[in-house]
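Everything on this sheet refers to the single structure shown next.
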Amino acid sequence: MKKRFVATTLSVVIGLSTLGVAPAAIHPIKASAATINMQNNQKAVEAKADQLIQTGKSLIGKATYSNTVYKATYPYKFSCASFLMYIFEKNGVDLGTYNEDYMMQQGTAVARNQLQKGDLLFFRSKTTGTDPDHVAMYIGDNKVIHMADSKQNIVISDLNSKPYYTDNYVTARRVLPTLLPSNPATKGDNVVTKAYSLVNKVKMGSVNNASSLNFTATGFVDYVYKSNGVNLGTTNLKDLMNKGTTVSRANLKKGDLIFFNSVKGSKTPSMVAIYAGDYRIIIPNSSGVLSRVLFVDYYNQHYMTAKRVF
């Protein structure tokens, strides 16, 4: 269900509707996912799905429904989407958003008769609009786990148990393995993994000191890439935008740098982000290291360019 959380305990991986950007007008961006070795990754996918299911089940009876408050400590409060965002995050998978319509544009579409554990299922009961208003996770045996509503809270439901699940079904998306690193991992995977590993560990400010993990935004980017053998050679934002080769939004790959301005049409960058694959971006700024999705209007309007630096 659509929501605007008012809690101050929002996780840094929450999507950007908190910036007051309405999610109604979405302009999908084509971007390539990481190359996946399916044979190597299938066991990892199955193991990760089992972890997600275990975490979800562990919250039954401990969390209550709220479409206005997100609380990631006991007693937990979740909407249907933030519940899934939370259990993915706890198991090292970044959805980058708590909006169902943004979730529905990640991963790959999957037929209802080909569902596997960890797939996201989307439903729409409202009579206007095209975006979904409910999301659940498939756990096998024709069942889903989801934060249903204020009366049921987190439940496991059989997809044949109520007309709701057949009449309001929209689609399913497979976000595993597309949100996981490739196997073997690419340099882009390693850059993204390093950036994620520093969330909640670095201090953002006006100085760069790697030993104490104090960084400016560009200093953080320089540190992440240098840790993976890529010497950017600058912490100046304009100079950084001149590095590497320009790539289009349709050809983004993990590890590309994306630049945004603060004034639409300006040629002066004000922000840099690391592309994390499947529309997700990692943004270092004064608030910390944040994860967002490129679907949000703000990023469409302020997108400048992307550069591939390795």
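By the rule that hydrophobic residues join a cluster once side-chain heavy atoms approach within less than 4.5 Å of another member, Leu84 and Ile60 end up as members of one cluster. Tyr65 and Tyr164 fall into different hydrophobic clusters, where Ile, Leu, Val, Met, Phe, Trp and Tyr are joined by side-chain heavy atoms under 4.5 Å apart, directly or via other members. At a threshold of 4.5 Å between side-chain heavy atoms, the hydrophobic network of Ile, Leu, Val, Met, Phe, Trp and Tyr places Val110 and Tyr102 in two separate groups. Under the 4.5 Å side-chain heavy-atom criterion for ILVMFWY residues, no single connected hydrophobic cluster contains both Tyr169 and Ile139. In this structure, Leu120 is a member of the same hydrophobic cluster as Ile156, with clusters built from ILVMFWY side-chain heavy atoms closer than 4.5 Å.
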**Request:** Could you walk me through whether Asp50 and Lys117 pass salt bridge (Lys or Arg N to Asp or Glu O under 4.0 Å), step by step?
**Result:** CA-CA 8 Å; Asp50 287 338; Lys117 292 179 180 180; 3.5 Å; yes
**Request:** Check the pair Asn300 / Val296 against side-chain contact (heavy atoms from CB on, under 4.5 Å), numbers first and verdict last.
**Result:** CA-CA 7 Å; Asn300 281 324; Val296 180; over 6 Å; no
**Step-by-step side-chain contact (heavy atoms from CB on, under 4.5 Å) determination, Tyr74 to Lys62** = CA-CA 7 Å; Tyr74 183 84; Lys62 300 177 182 178; 4.0 Å; yes
**Prompt:** side-chain contact (heavy atoms from CB on, under 4.5 Å) between Tyr223 and Thr218: does it pass, once the steps are laid out?
**Reply:** CA-CA 9 Å; Tyr223 175 77; Thr218 51; over 6 Å; no
**Request:** Starting from the C-alpha separation in whole Å, work towards a yes-or-no answer on side-chain contact (heavy atoms from CB on, under 4.5 Å) for Val155 and Gln152.
**Result:** CA-CA 7 Å; Val155 293; Gln152 301 178 82; 3.8 Å; yes
**Request:** For salt bridge (Lys or Arg N to Asp or Glu O under 4.0 Å), just list the numbers for Lys126 and Asp131, CA-CA rounded to whole Å, side-chain angles, deciding distance to a tenth of an Å, and then say yes or no.
**Result:** CA-CA 9 Å; Lys126 60 187 179 181; Asp131 53 319; 3.1 Å; yes
**Message:** Before you tell me yes or no, could you show the steps for Lys57 and Thr55 under side chain to side chain donor-acceptor pair (under 3.5 Å), namely the whole-Å CA-CA distance, both residues' side-chain angles and the distance that decides it to 0.1 Å?
**Reply:** CA-CA 6 Å; Lys57 288 181 175 179; Thr55 301; over 6 Å; no
**Request:** Tell me, with the steps shown, if Thr234 and Asn236 meet side chain to side chain donor-acceptor pair (under 3.5 Å).
**Result:** CA-CA 5 Å; Thr234 183; Asn236 178 278; 5.2 Å; no
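Side-chain contact check for Thr216 versus Val207: every heavy-atom pair is 4.5 Å or farther apart. Counting heavy atoms from C-beta outward, Leu237 and Pro269 have side chains that approach closer than 4.5 Å. Tyr196 places a side-chain heavy atom less than 4.5 Å from the side chain of Ser291. Ile274 is listed as a side-chain neighbour of Tyr225, based on a closest heavy-atom distance under 4.5 Å. Put simply, the side chain of Gln106 does not reach to within 4.5 Å of the side chain of Arg174, judged on heavy atoms. Using a 4.5 Å heavy-atom cutoff, the side chains of Asn242 and Leu240 are not in contact. Between Arg173 and Met103 the shortest side-chain heavy-atom distance does not fall below 4.5 Å. Counting only heavy atoms from C-beta outward, the side chains of Pro284 and Met204 approach each other to under 4.5 Å.
For His134 and Ser125, the side-chain atoms include no donor-acceptor pair closer than 3.5 Å. In summary, the side chains of Thr193 and Asn190 do not present any donor paired with an acceptor at a separation below 3.5 Å, with no hydrogens or angles considered. Side-chain contact of Asn153 with Thr64: a donor-acceptor pair under 3.5 Å is absent, judged by distance alone. Side-chain polar atoms of Ser211 and Asn209 form a donor-acceptor pair below 3.5 angstrom. Of the N and O atoms on the side chains of Asn160 and Tyr165, not one donor lies less than 3.5 Å from an acceptor on the other residue. A side-chain donor from one of Thr73 and Lys71 sits under 3.5 Å from a side-chain acceptor of the other. A donor atom on one side chain and an acceptor atom on the other are found under 3.5 Å apart for Asp278 and Thr178. With 3.5 Å as the limit, one finds no donor-acceptor pair spanning the side chains of Asp119 and Gln116.
For the atom pair OH (Tyr76) and CD1 (Ile154), the distance works out to 9.5 Å, reported to the nearest 0.5 Å. We find the CE-CZ distance between Met147 and Phe83 to be 6.5 Å, quoted to the nearest 0.5 Å. With values rounded to the nearest 0.5 angstrom, Lys48 atom NZ is found 12.5 Å from Ile53 atom CD1. Here Thr97 contributes atom OG1 and Phe295 contributes atom CZ; the two are 9.0 Å apart, rounded to the nearest 0.5 Å. Rounding to the nearest 0.5 Å gives a distance of 11.0 Å between CE of Met85 and CD1 of Ile87. Asp158 contributes atom CG, which lies 9.0 Å from atom CG of Asp141 (distance to the nearest 0.5 angstrom).
Annotation: cation-pi pair Arg292/Tyr299 absent, no NZ/CZ under 6.0 Å from the ring centroid and within 45° of its normal.
The side-chain contact (heavy atoms from CB on, under 4.5 Å) with Met137 is formed by just one residue from the set Val175, Leu52, Leu121; it is Leu52. Paired with Ile258 under the rule side-chain contact (heavy atoms from CB on, under 4.5 Å), one option of Leu252, Ile282, Val272 passes, and it is Leu252.
Asp256 has a carboxylate O that lies under 4.0 Å from a charged side-chain N of Arg308, or vice versa, which qualifies the two as a salt bridge.
Two rings, from Tyr98 and Tyr70, have their centers 6.0 Å or more apart. Tyr86 and Phe78 have their aromatic ring centers within a separation under 6.0 angstrom.
No donor-acceptor distance shorter than 3.5 angstrom exists from the side chain of Thr235 to the backbone of Gly219, with no hydrogens or angles considered. Distance alone, capped at 3.5 Å, places no donor-acceptor pair between the Asn228 side chain and the Val230 backbone. No donor-acceptor pair closer than 3.5 Å links the side chain of His302 to the backbone N or O of Phe260.
The nearest pair of heavy atoms linking Leu159 to Thr166 is O-CG2, 4.1 Å. When all heavy atoms are compared, the tightest approach of Ile281 to Ala273 is CB-CB, 4.0 Å. Nearest heavy atoms, Asp189 versus Ser182: OD2-N, 3.0 Å. When every heavy atom of Lys307 is checked against every heavy atom of Met241, the shortest pair comes out as NZ-O, 2.5 Å. What you find for Asn231 and Lys226 is that their closest heavy atoms are OD1-CE, 4.0 Å. The two residues Tyr138 and Lys143 come nearest to each other via the heavy atoms CD1-O, 3.3 Å.
Applying the side-chain hydrogen bond (donor to acceptor under 3.5 Å, both in side chains) criterion to Asp239, with sequence neighbours excluded, gives no partner residue.
No more than 12 heavy-atom neighbours from other residues, nucleotides or ligands sit within 6.0 angstrom of CD on Gln54.
Ring planes of Phe220 and Phe215: perpendicular class, angle over 60° (limits at 30 and 60°).
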